[in-house]
Every structure is written in structure tokens, then in C-alpha cells.
Amino acid sequence: MSIIKGEGLDRTDIITPFKDISFSHADAEQLASQTSVMRILPDVNVLKIGGQSIMDRGRSAVMPILDELIANQDKHKMLLGVGGGTRARHAYAVALDLGMPTQILAKLGVNVPVQNARMLQMLLARHGGILIDHDDFAKLPLYYRLGCLPIMPGMPPYEYWEKPAAVGRIPANRTDSGVWLTAEVLGAKSCTYIKDEKGLFTTNPKSDPNGTFIPKIHAQELLDMNLPDLVIEPIVLENLLHAKCSKEIQIINGTIPGNITRALNGEHVGTIIYAD
Amino acid sequence: MSNQKELSTGDGRVHLNTGLRGESLVRQRLVNSTDTTEEVAMVPYCKVIGVGGRSIVDRGREAVLPLVDEIVAARKDHDLFVGVSGGARLRHVFHIALDLGIPTGGLAQLAGACEEQNLAMLQVLMARHGAVHLKRDAFAELPMYLANGMIPMTISVPPYHYWEPPARGGRVPENGSDLGLFMTAEALGAAALVFIKDQDGLYTDDPATNPDAEFIDRISAKALMERDLPSLIIDRSVLETLQNARFIKQLTIINGLKRGTLARALAGEPVGTTIYQER
């Protein structure tokens with residue numbers, strides 16, 4: 001590869017196969033498909049601790065879950081992501097009332113998961129719990145070498161760059177999305193959502209107990225069902241369809257002792273959503 | 001409000017009593033209820049312009065210096081926010097990274113560095129005219145710079161970093177500089193968005209390689225996506241997002257190598273190609 005010095009209005013260029021193609025061009029995609037993707041941290045298990053479903057329940061739900069995570073620390077490398085919960089909903093409600101656009105809601109959505117992550121870090125500090133933010137990912141290998149348990153706020157760093165939805169103003173990418181994208185880029189071993197329901201039902205079990213439990217389903221099939229409510233942000237399903245590494249997620253009920261351990265061991269204890 | 005009204009328990013969770021209390025934010029009816037035509041624009045008087053890395057900066061002084069003069073001159077009549085993109089070095093690092101098997105999120109993490117370099121140079125060229133580097137999301141400082149007649153500048157690529165969603169085909173991030181600048185303008189609720197490139201605007205194919213390519217002066221994002229052209233001067237993700245935008249209902253692509261086009265575009269004259277929302 002070489003540099004071509006441009007005279008006058010000519011570009012100073014670098015000769016690469018990309019030189020004359022635009023990134024939206026099919027050639028660029030073809031070029032990308034020639035090499036297989038590498039996994040950055042393939043032995044890490046990414047787990048999300050729900051905001052409304054776990055954190056807002058306080059010690060009765062949180063403490064046993066942390067005990068179970070600590071008990072698994074020697075056997076499994078883990079990265080914890082944390083959701084927001086009712087305070088995020090409160091901030092969204094006020095912001096919606098004030099006429100705030102999606103991008104501002106996405107920015108407000110960051111702060112509450114940070115609070116939750118800070119609380120978890122304090123609770124887990126004696127077991128190596130450390131708070132990491134978006135810039136700390138390159139240090140993860142060190143943290144694992146030191147036996148740390150990294151905890152991150154689940155919200156992706158989109159904020160002002162969160163795209164508007166066709167209808168409504170709730171940001172599409174919230175903590176479920178951020179946690180899955182983390183698992184995808186790391187090429188993680190697993191991606192598990194610790195919530196307070198067994199998994200996915202055809203209705204929201206909090207408001208309609210007559211729904212049917214779905215133990216395992218393809219992401220496309222679930223999208224096609226067009227359910228009025230979902231246990232996970234729909235954008236996770238759309239992204240799953242294009243996953244290069246993290247092609248399966250499991251949603252489990254973390255309030256039942258043993259479920260987290262079994263999920264970490266690769267057992268099917270909740271709902272598995274997958275893509276080919 | 002008493003504490004009793006603010007907080008509620010009873011299902012094992014502590015809720016704050018709001019319209020979204022205990023809600024699944026996924027429920028379609030709830031999502032629809034948040035729609036409004038009354039969204040607040042942050043700096044609706046600001047106009048966002050993007051300087052192309054490959055199309056302008058890589059061409060060196062003969063392309064950059066006259067354009068810098070035009071931007072400085074335009075600042076007298078308009079509140080401007082300037083974005084800068086990457087260019088040849090970005091393509092090069094993506095090529096190496098793809099060859100190494102780096103995932104999409106890893107590629108996205110690399111993009112900003114090339115833009116930072118181009119921004120550093122442009123900021124130096126315009127510093128005497130009040131150009132300042134606005135760090136990523138410090139949009140809350142923009143009113144201060146604009147009120148003082150300065151020229152705030154930023155890199156364009158969105159800060160999705162490791163969280164860049166997997167591409168629908170291949171591994172090149174779909175959310176590049178064009179999309180980042182579009183979202184910057186949308187988040188600001190800006191008055192206009194102008195992409196400064198090195199072609200007169202949009203053609204039916206790349207005019208550099210196909211002399212039969214026809215110029216398109218005005219087209220809707222919807223129609224443009226349906227045409228599925230072999231080469232596009234702007235990222236497809238911008239067209240998709242434009243369709244859902246609340247504030248940026250159209251964007252303009254102009255030739256920054258032709259003198260006077262920037263002033264005309266900022267004045268709202270028909271110049272270059274205008275792509276608009278059609279829902």
C-alpha cells in the first residue's frame with residue numbers, strides 16, 4: 001500500500017481496495033465478507049440485571065442474586081450490565097410532558113442505570129466489583145486478570161444520536177439493547193437477561209396472566225407475531241437477525257435461586273431467543 | 001405531593017407514580033401515546049454544515065483554504081455548527097481492520113480518530129475567526145458559542161463506538177459520518193443541514209466513473225431509496241432516518257469546490273441536490 005501525494009486539487013490518497021468505492025457500495029460489503037469476524041473476549045458471560053424487575057425490588061431480590069453471582073465468580077467470567085427502572089420512567093414521563101425529543105430522552109436515560117450500577121458496585125466492591133464506563137472496555141482483560149467483576153450501566157452511548165422512531169418518542173435503544181450490543185462486540189460466550197418473570201409470554205404477565213409461556217423462539221418468528229408487548233426491547237430482536245457472534249439470548253427469572261447458575265452453565269431455564 | 005402519592009409498593013417493586021408507572025415501555029399503545037407535534041428544538045436558529053474528509057480535506061490547500069474563507073464569511077449571516085469527516089485514512093484503517101477480523105463495533109471505535117485529525121487542522125485554520133472544538137456531546141455549550149459569534153466545530157461520526165449495531169450486510173458500520181452529522185442536526189433541531197462534498201450533488205451513478213450519470217436536483221428520501229442506485233453520495237442510513245425526522249425535513253448536498261455555492265445553499269437558494277422527507 002502506498003500514499004499518492006495529490007497536486008493541486010487532487011486528493012492525497014492511500015491505495016487500498018476501498019479507494020474508489022463508497023462504504024454504502026456492495027463492494028465494501030463483499031470485501032468485508034472475505035474475512036471472518038474475531039471474538040474479542042469469547043469466554044465472558046454478559047448478564048443484565050433488570051432495573052424495574054430486580055433493582056426496584058430492593059434487597060429481597062438484589063441480595064440473593066448478588067450472592068449467586070459471587071458464588072459463580074471462580075467458574076465464570078462475567079460482565080454485569082444494569083437497567084434503569086422506575087426512575088428512568090419518571091424522567092421520561094416528565095420529559096415527554098415538556099416536549100423533549102427522543103434524543104434528549106436517550107440522554108436522560110443514561111443517568112439512572114449509572115445510579116443502579118454504582119449501588120451494585122458498592123455492594124460487590126469486596127468481591128472485586130468495579131464500575132466501568134464506555135471508555136474502559138480496552139482495560140477489561142486487566143480487570144479479569146485481577147479477578148474483578150466489572151459492572152456497567154446498560155444504556156448504549158447513543159444519547160443525542162439516538163434515531164427518531166416513526167411514531168412516539170421513547171428511545172428504541174435502552175438498556176436491553178446496550179447490553180446485547182456489548183455481548184455482540186465482545187463476541188461473548190453468552191448474553192443473559194436477569195428479570196423477574198420466567199421469560200417470554202404471549203402477553204405481559206404483569207397485566208394479563210392468561211398468556212402462554214414461550215420457551216424458545218427464533219427472533220424473526222417473534223417479530224412476525226407482532227405482540228402488543230414484549231419482555232425485551234424489539235430492537236434487540238432486529239439486531240439479533242444480523243448478529244455475527246451473539247446469536248442467542250436467554251431471559252431468566254433471577255428471583256428463583258439457582259437459575260443464574262444454571263444459565264451460566266448453559267442450561268435452558270427461561271426463554272431463549274435465537275437467530276441463525 | 002406527599003410521599004404516599006409519589007411512591008407505591010405492593011407488587012414487591014417500589015414505583016414512582018407517573019404516567020409510566022410500572023409500564024413496559026415496549027407496549028405499542030404506550031409508545032404511540034408519546035407522539036406529539038410539539039417537540040422542543042434546542043437551537044432552531046443554528047445551521048449545520050459538514051465538510052467532507054475525502055471530498056475536501058484530502059485535496060489539500062487548493063480545496064480547503066477557499067472553503068474556509070467561505071465558511072468564515074457565511075458566519076456573518078448565519079449561526080453555524082461545522083462537522084468534519086474522515087477520508088482516505090478512514091478507508092485505510094477500515095480495510096486493515098476488516099482484514100484482521102475486527103467486528104463492526106470495533107471498526108466504529110476507530111472512525112473518530114481520522115476525523116479528529118481533520119478537525120484539528122480545520123480548527124487551526126479558522127481559530128483566528130473564532131473556531132472552537134466542541135467536545136462530542138457538549139451541545140449544552142452551543143448557545144454560548146453561537147451568541148458570541150464563534151464557529152463551533154465537531155467530528156461527525158456518531159459516538160456509537162462498540163455499540164454500533166451489526167450491519168445488515170458485511171461488517172462496515174452503517175452509521176457513518178453522514179448519519180452522525182444528520183443526527184447532530186436533528187438533536188439540535190437545526191434550521192438547515194448542508195453536506196459539502198466535491199460533486200454538484202446526487203447523480204444516478206458515480207459521475208467520476210460513469211459519464212452517463214444524470215444529475216438529480218431534488219428527490220424525496222423515499223423515492224431515492226426505492227431507486228436503489230448503484231452508488232450514493234450519501235449514506236443510506238441517512239435516508240432512512242430522514243424519513244422519521246422531526247426537525248430536519250430536508251438536507252442539501254453541494255459542491256464545495258465551486259465558489260459561492262455554500263452562501264447560496266445557506267440562503268436557501270436551489271443549489272446542489274435537495275433530499276427531502278416524504279412520509
Side-chain angles (χ1 to χ4, degrees), chain A residues 6 8-9 11-14 16-19 22-25 28-29 31-33 35-38 52 56-58 86-87 89-90 92-93 96 99-101 103 134 137 156-161 163-170 178 181 184-185 187 204 228-230 233-234 239 242-244, chain B residues 12-16 18-20 23-28 31-32 34-36 38-40 58-60 62-63 88-89 91-92 94-95 98-99 101-103 105-106 137 139 158-163 165-172 176 180 183 186-187 231-232 235-236 241 244-246 257:
Chain A
L9 262 183
R11 297 185 189 104
T12 295
D13 219 333
I14 307 171
T16 83
F18 269 157
K19 180 175 163 295
S22 95
F23 280 124
S24 45
H25 200 283
E29 294 180 356
L31 192 69
S33 66
T35 51
S36 62
V37 65
M38 53 86 66
Q52 184 161 248
D56 288 348
R57 291 182 179 278
T86 202
R87 294 190 305 289
R89 283 161 177 74
H90 182 268
Y92 290 151
L96 287 167
M100 295 293 135
Q103 296 75 39
H134 297 142
F137 267 56
Y158 294 5
E159 305 190 18
Y160 290 127
W161 289 265
K163 297 174 189 175
V167 177
R169 288 179 284 158
I170 305 281
L181 290 165
E184 168 70 4
V185 73
N204 182 345
D229 203 347
L230 265 182
E233 293 157 21
N239 282 335
H242 307 292
K244 308 294 187 289
Chain B
R13 303 177 293 180
V14 182
H15 296 287
L16 273 161
T18 68
L20 299 178
E23 268 291 357
S24 152
L25 298 181
V26 170
R27 196 162 60 84
Q28 196 55 50
V31 171
N32 294 348
T34 66
D35 212 42
T36 177
E38 308 275 296
E39 291 186 33
V40 178
D58 285 354
R59 293 183 185 278
E62 284 201 29
R89 296 186 302 285
R91 283 162 191 250
H92 182 261
F94 273 12
H95 177 215
L98 285 171
D99 195 49
I102 305 287
D137 61 351
F139 290 171
Y160 290 4
H161 300 161
Y162 287 125
W163 292 266
R168 283 163 284 192
R171 296 208 309 278
V172 175
M183 279 311 306
E186 173 72 5
S231 173
L232 265 183
D235 290 342
R236 194 180 166 87
T241 310
N244 289 339
R246 304 300 197 272
L257 303 178

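Everything numeric in this text was worked out from a predicted model, so none of it was measured. Computation of the quantities below employed the complete heavy-atom set of this structure, encompassing side-chain atoms and omitting hydrogens, waters and symmetry-equivalent molecules. Within every chain, numbering begins at 1; the chains are lettered A, B, ... in the order of the sequence lines, protein sequences first and strands thereafter.
- Ranked by heavy-atom pairs under 4.5 Å with chain B, the first of A:Gly58, A:Gly6, A:Gly178 is A:Gly178.
- We find the CG-OG1 distance between A:Leu96 and B:Thr34 to be 5.5 Å, quoted to the nearest 0.5 Å.
- Within the 4.5 angstrom heavy-atom criterion, only backbone atoms of B:Glu38 (N, CA, C, O) approach chain A.
- Across B:Gly105, B:Pro103, B:Ala63, B:Gly176, the residue that shares the most heavy-atom pairs under 4.5 angstrom with chain A is B:Pro103.
- With chain A as partner, the option from B:Pro158, B:Gly101, B:Gly106 having the largest number of non-hydrogen pairs under 4.5 angstrom is B:Gly101.
- When heavy atoms are compared at a cutoff of 4.5 Å, A:Leu230 approaches chain B by way of both its backbone and its side chain.
- Applying side chain to side chain contact (heavy atoms under 4.5 Å, CB included) to B:Pro166 and the options A:Leu181, A:Val37, A:Val185 leaves one that passes, A:Leu181.
- Between A:Ile14 and B:Arg89 there is a side-chain heavy-atom pair separated by less than 4.5 Å.
- Note: B:Pro165 leads B:Ala245, B:Pro165, B:Gly60 in heavy-atom pairs under 4.5 Å with chain A.
- The nearest pair of heavy atoms linking B:Arg171 to A:Ser36 is NH1-C, 4.1 Å.
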- How far apart are the C-alpha atoms of B:Leu16 and A:Arg89, what are their side-chain angles, what is the distance that settles it, and do they pass the side-chain contact (heavy atoms from CB on, under 4.5 Å) test? CA-CA 8 Å; B:Leu16 273 161; A:Arg89 283 161 177 74; over 6 Å; no
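- Most heavy-atom pairs under 4.5 Å with chain B: of the set A:Ala166, A:Ala243, A:Gly187, A:Ala93, this distinction falls to A:Ala166.
- The two residues A:Thr12 and B:Ala88 make their nearest non-hydrogen contact at O-CB, 4.2 Å.
- For the options B:His161, B:Arg246, B:Gln28, heavy-atom pairs under 4.5 Å to chain A are most numerous at B:Arg246.
- At a threshold of 4.5 Å between non-hydrogen side-chain atoms, the residues A:Lys163 and B:Glu186 do not count as touching.
- The two atoms that bring A:Pro164 and B:Thr241 nearest to each other are CD-CG2, 3.8 Å, heavy atoms only.
- Here the CZ-CZ distance, from A:Arg11 to B:Arg59, works out to 4.5 Å after rounding to the nearest 0.5 Å.
- Looking at A:Pro156, both its backbone and its side chain come within 4.5 Å of chain B, counting heavy atoms on both sides.
- Annotation: maximal heavy-atom pairing with chain B below 4.5 Å, among A:Glu233, A:Glu184, A:Lys244, occurs at A:Lys244.
- Note: B:Phe139 and A:Trp161 have tilted aromatic rings, judged against thresholds of 30 and 60 degrees for the angle between ring planes.
- Nearest heavy-atom pair across A:Tyr160 and B:Ala187 is O-CB, 3.4 Å.
- Summarising the geometry of A:Gln103 relative to B:Met183, their closest heavy-atom pair is NE2-CE, 3.4 Å, with the distance given to 0.1 Å.
- Pairing each heavy atom of B:Arg27 with each of A:Asp229, the nearest pair is N-OD1, 3.6 Å.
- In this structure, B:Thr36 and A:Arg169 have side chains that are in contact, with non-hydrogen atoms separated by less than 4.5 Å.
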